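Some notes on the structure that comes next.
Just so you know, these numbers come straight off a predicted model, no measurement behind them.
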Amino acid sequence: MSRSDSTNNADGQKERVVPPSPRPPTTSLRIDRFLRPFTLKAVQELLAKTGVVTNFWMDHIKTHCYVTYSSTEEAVATRNTLYNLQWPSNGGRQLIVEYVDPEEVKHKIEGPPQAAPAPGPVSGPSHSTNVTQNQMPFKIPAQGPAGPSQHSLPPPPPLPLPPPPPMPPAVRERQPQPQPQPQPQPQSLKKVEQPVVTLDDLFKKTRTSPRIYYLPLSEEQVAAKLAAKARNKGS
């Protein structure tokens, strides 16, 4: 049988239905579906309205909490009051409340049990750590002036000398590299100006105007012309 609370509160919330719990009533409860924003003090004041709270724990993101009351009747009254209650009334969700073992609340508050520290290593001889009267420290007899005692142990053999460090590789002397000789700059060839040949250089010219340029005949040409002229007259 489910319990119905038809009483409307001041905020005008609708009728709440409280279903029977699958667990037997105890003094401790787990309340889920909290929705921020709200303060931790507001939750504690809400839980204190229905009884005396002896233990209380809430997770750091404020989604659920555990609470223990001084009596089972107070825990039953709290479940009937808060189940399906919208809290906070302005934007909160309907809470879910169920009975839990009071030891579960105690473990949440106290935390998981810490493991015993492992025994540390024992210093000294493994057979005994204390020196008794029968275990006096051994004392080496002192050597007299005549030499070592018969019971003295021979000196330990000398330790071998460490091997010499490896020789570093020979450093080759750096031969000076010849510096490249600068290439001589080719001298710019001077442009030889050719003389301008004029008609005055090639021909003879008359002194009167207009000037007539002519080329004088050589002696061979003059002789050939005179001979040709004589032959024409003879014919």
Side-chain angles (χ1 to χ4, degrees), residues 11 30-43 57-65 86-96 108 111-126 140 143 147-148 152-235:
D11 296 331
R30 170 173 171 148
I31 308 173
D32 291 274
R33 293 178 57 84
F34 284 100
L35 183 63
R36 295 179 295 178
F38 59 84
T39 62
L40 194 64
K41 182 178 179 182
V43 179
W57 179 91
M58 192 169 205
D59 64 325
H60 68 283
I61 59 175
K62 297 180 181 180
T63 59
H64 65 281
C65 74
Q86 183 180 357
W87 192 90
S89 58
N90 52 346
R93 293 183 294 192
Q94 291 180 342
L95 304 179
I96 301 297
K108 284 290 183 181
Q114 298 181 358
V122 180
S123 61
S126 60
I140 300 176
Q143 296 182 359
S152 62
L153 298 176
L159 297 176
L161 296 177
M167 297 296 293
V171 180
R172 297 180 179 179
E173 291 187 0
R174 240 184 224 182
Q175 298 295 335
Q177 297 181 357
Q179 297 293 331
Q181 297 295 333
Q183 296 294 334
Q185 295 292 335
Q187 296 182 357
S188 60
L189 298 177
K190 293 184 178 180
K191 187 176 180 181
V192 179
E193 296 182 356
Q194 298 294 336
V196 180
V197 180
T198 62
L199 294 176
D200 294 339
D201 298 327
L202 297 177
F203 301 95
K204 297 293 184 177
K205 63 181 178 179
T206 60
R207 294 182 179 179
T208 60
S209 296
R211 295 181 183 277
I212 299 173
Y213 289 89
Y214 64 94
L215 186 61
L217 297 177
S218 61
E219 293 181 357
E220 290 79 5
Q221 292 176 341
V222 172
K225 282 182 176 292
L226 292 176
K229 187 177 182 181
R231 286 193 300 268
N232 292 332
K233 286 181 179 182
S235 58

Working to the nearest 0.5 Å, report the span between CG of Asp32 and CD of Gln94.
-> 14.0 Å
Determine whether Trp87 and Arg33 make a side-chain contact, defined as any pair of heavy atoms from C-beta on separated by less than 4.5 Å.
-> no
From Gln86 atom CD to Arg93 atom CZ, the distance as rounded to the nearest 0.5 Å = 11.0 Å
In Å, rounded to the nearest 0.5 Å, how long is the span from CD1 of Ile61 to CZ of Arg36?
-> 7.0 Å
Inspect the surroundings of CD in Glu219 and state if more than 12 heavy atoms from other residues, nucleotides or ligands are less than 6.0 Å away.
-> no
Would you say Lys62's side chain and Phe34's backbone share a donor-acceptor pair under 3.5 angstrom?
-> no
Nearest atoms (heavy-atom pairs only) where Leu35 meets Pro88 | O-CD, 3.6 Å
Looking at side-chain heavy atoms only, is the closest gap between Trp57 and Asp59 below 4.5 Å?
-> yes
